[in-house]
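Report on the following structure.
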Amino acid sequence: MLTRQQEALPLQPVVLERDQHGISRRQISENALKVLYRLNKSGFEAYLVGGGVRDLLLGRQPKDFDIATSATPEQVKQLFSNSRLVGRRFRLAHILFGRDIIEVATFRGHHHQVNNSKDMSSQSSQGMLLRDNVYGTIEEDAERRDFSVNALYYNIADFSVVGFSNGLADLEARRLELIGDPETRYREDPVRMIRAVRFAAKLGLTISPRTEAPIRELAPLLSDIPAARLFEETLKLLLAGYGLETYRTLQHYGLFAPLFPEAAEVIGQGDNNYGRFLELALTNTDERIAQDMRVTPAFLYAALLWGPVEIRTQQFMHEGGLSYYDAFMMAMDEVLGRQVKSVAIPRRFSSVVRDIWMLQDRLTRRSGKRPHRLLEHPKFRAGYDFLLLRAELNPQLKELAEWWTEFQLANPVDRQQLSRHAQARHNQFGDESSKPRKRPRRRPRKKKEV
Ligand code: ATP
Ligand code: MG
């Protein structure tokens, strides 16, 4: 454990020489190496930094390789014709190699001199550029990073690894430790709270007591983060292969509710199956990722918000006297409209979320040409997968789900047969869905859950 005094001081860097760590250049992408070498040859300091180094030390394949350098963005731009400068809050150079992009950031410095107002034009005299673009030394750069295990640098000059703030020891101990005073750092950027949960779940790290202590109390600060940024973060949270574990940890720290208020409320009521349904959807997503199968954020959002949509539909029907169809349409609009205030859902995904939801009703209609036509629906597969998931918790849907499985596998003749059976079966049980519908349904349906 660190003493109070040590905590306050920037910890001395620890250097692992090239023969003291397992990172070899073969594990680093060719493009990242090219950039590192060119910077170094041009007289700048150049390091692989952050997640790339951390993951290599853990024996994992990094998602991407980020570079930190003493060169300013303009100097980087001059060195690489295939580069462009991006970012307003913090200027970065992107070096483009076809579809591969290597991100190069200049060492960030402290900006105590900058006035703390949101005045974007603030500028100071020394080495400081517009906005957040204060450049500094590698030590300062390390201090501004979030967790100690992310303050690790691989030096291309001598192939050593430099760890700041006890990062190497923390990584060894599988400990997630925020750099600096946790409360201050979370207030500076509340997204760090969900990053803590993400790294803990993904890398199997334990969040240290001082790093976890303020989270529950500060969790509501997430409501102030722009919804678009949170969309990107939640993708990394829930669609990285550790969704279930991440979700449970978010709930544990009170971080789920500020991200998904309506889902949290419905799940928190505890008298329904929606919490289990979401866990099932996350398990399913994790399994797909483990098998290298495609996953879409739309499916997960559909599952997250299915509870609120069903409950609102019932309320609109019973309190507002609306038909099932109208109530369902209004519920979808309302639930999505509220959700995008906390975590945005880009239109290209929200339209698929709607498709998946609307298919749930259409999948109950199995007579005549309908099921044949439905197979052609561009989102049929996602709608059907969603039905399968619902059927796992709702025995009443089992027969329907199995019927669709069979129907897809059947040849055209057998399909006719199946569709006739479905019709006969429904007539026998008086299921209205088998009758041709001239107008949108006006009759309320029985309350259904999941
Ligand atoms: P991943 O494997 O998910 O990419 P990563 O650690 O590389 O993990 P990134 O989001 O790619 O995470 O960020 C790169 C680096 O930038 C981090 O390792 C960290 O040092 C720093 N960083 C990112 N976000 C923050 C933040 N909100 N506050 C401080 N430092 C941050
Ligand atoms: Mg990264």
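One-based numbering, in listed order, for ligands and for the atoms of each.
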Exercise. Can the ring centroids of Phe299 and Phe386 be said to lie less than 6.0 angstrom from one another?
Worked result: yes

Exercise. In terms of the angle between their ring planes, are Trp306 and Trp357 parallel, tilted or perpendicular, with boundaries placed at 30° and 60°?
Worked result: tilted

For this session: Could you check atom 15 (C) of ligand 1 against the protein and tell me its nearest heavy-atom contact, residue, atom and distance included?
Result: Arg145 NH1, 3.6 Å

Exercise. How are the rings of Phe407 and Trp404 set relative to one another: parallel (under 30°), tilted (30 to 60°) or perpendicular (over 60°)?
Worked result: perpendicular

Exercise. Which heavy atom of the protein is the closest neighbour of atom 28 (N) of ligand 1, given with residue, atom name and distance?
Worked result: Arg192 NE, 2.8 Å

For this session: Check whether any N, O or S atom of Asp64, backbone or side chain, sits closer than 2.8 Å to the Mg ion (ligand 2).
Result: yes

For this session: State the atoms of ligand 1, each with its element, that fall below the 4.0 Å cut-off from a heavy-atom position in Gly50.
Result: 18 (O)

Seminar exercise, completed: Ranked by distance from atom 19 (C) of ligand 1, the top protein heavy atom is Asp146 OD1, 3.4 Å

Problem set entry | Ring-face cation contact, Phe277 with Arg390, 6.0 Å cut, 45° max | no

Problem set entry | Geometric cation-pi criterion Arg195 and Phe147, 6.0 Å radius, 45° cone | no

For this session: Pick whichever of Asp64, Asn150, Val149 has a heavy atom sitting closest to atom 18 (O) of ligand 1.
Result: Asn150

For this session: Give the residue, atom name and distance (to 0.1 Å) of the protein heavy atom nearest atom 27 (N) of ligand 1.
Result: Asp189 OD2, 2.8 Å

Exercise. Any idea how Tyr135 and Phe90 line up, ring-wise: parallel (<30°), tilted (30 to 60°), or perpendicular (>60°)?
Worked result: perpendicular

Problem set entry | Pi-cation contact, Phe316 with Arg312 (under 6.0 Å, within 45°) | yes

Problem set entry | Backbone or side-chain N or O of Arg185 under 3.5 Å from ligand 1 N or O | no

For this session: Determine, using heavy atoms of Phe147 and all atoms of ligand 1, whether some pair is separated by less than 4.0 Å.
Result: no

For this session: State, without any angle test, whether Glu177 and Ser208 hold a side-chain donor-acceptor pair at a distance under 3.5 Å.
Result: yes

Exercise. Hey, which atoms in ligand 1 end up nearer than 4.0 Å to a heavy atom of Arg144?
Worked result: 29 (C), 30 (N)

Problem set entry | Donor + acceptor pair across side chains of Arg248, Gln251 (<3.5 Å) | no

Exercise. Of all the non-hydrogen atoms in the protein, which one sits nearest to atom 4 (O) of ligand 1, and at what distance?
Worked result: Lys63 NZ, 3.1 Å

Problem set entry | Contact check, Asp66 vs ligand 1, heavy-atom distance below 4.0 Å | yes

Exercise. Do any heavy atoms of Glu188 fall under 4.0 Å from ligand 1?
Worked result: no

Exercise. Which protein heavy atom lies closest to atom 22 (N) of ligand 1, and at what distance to 0.1 Å?
Worked result: Arg195 NH2, 3.7 Å

Exercise. Where is the nearest protein heavy atom to atom 6 (O) of ligand 1: which residue, which atom, and how far?
Worked result: Arg54 NH1, 2.9 Å

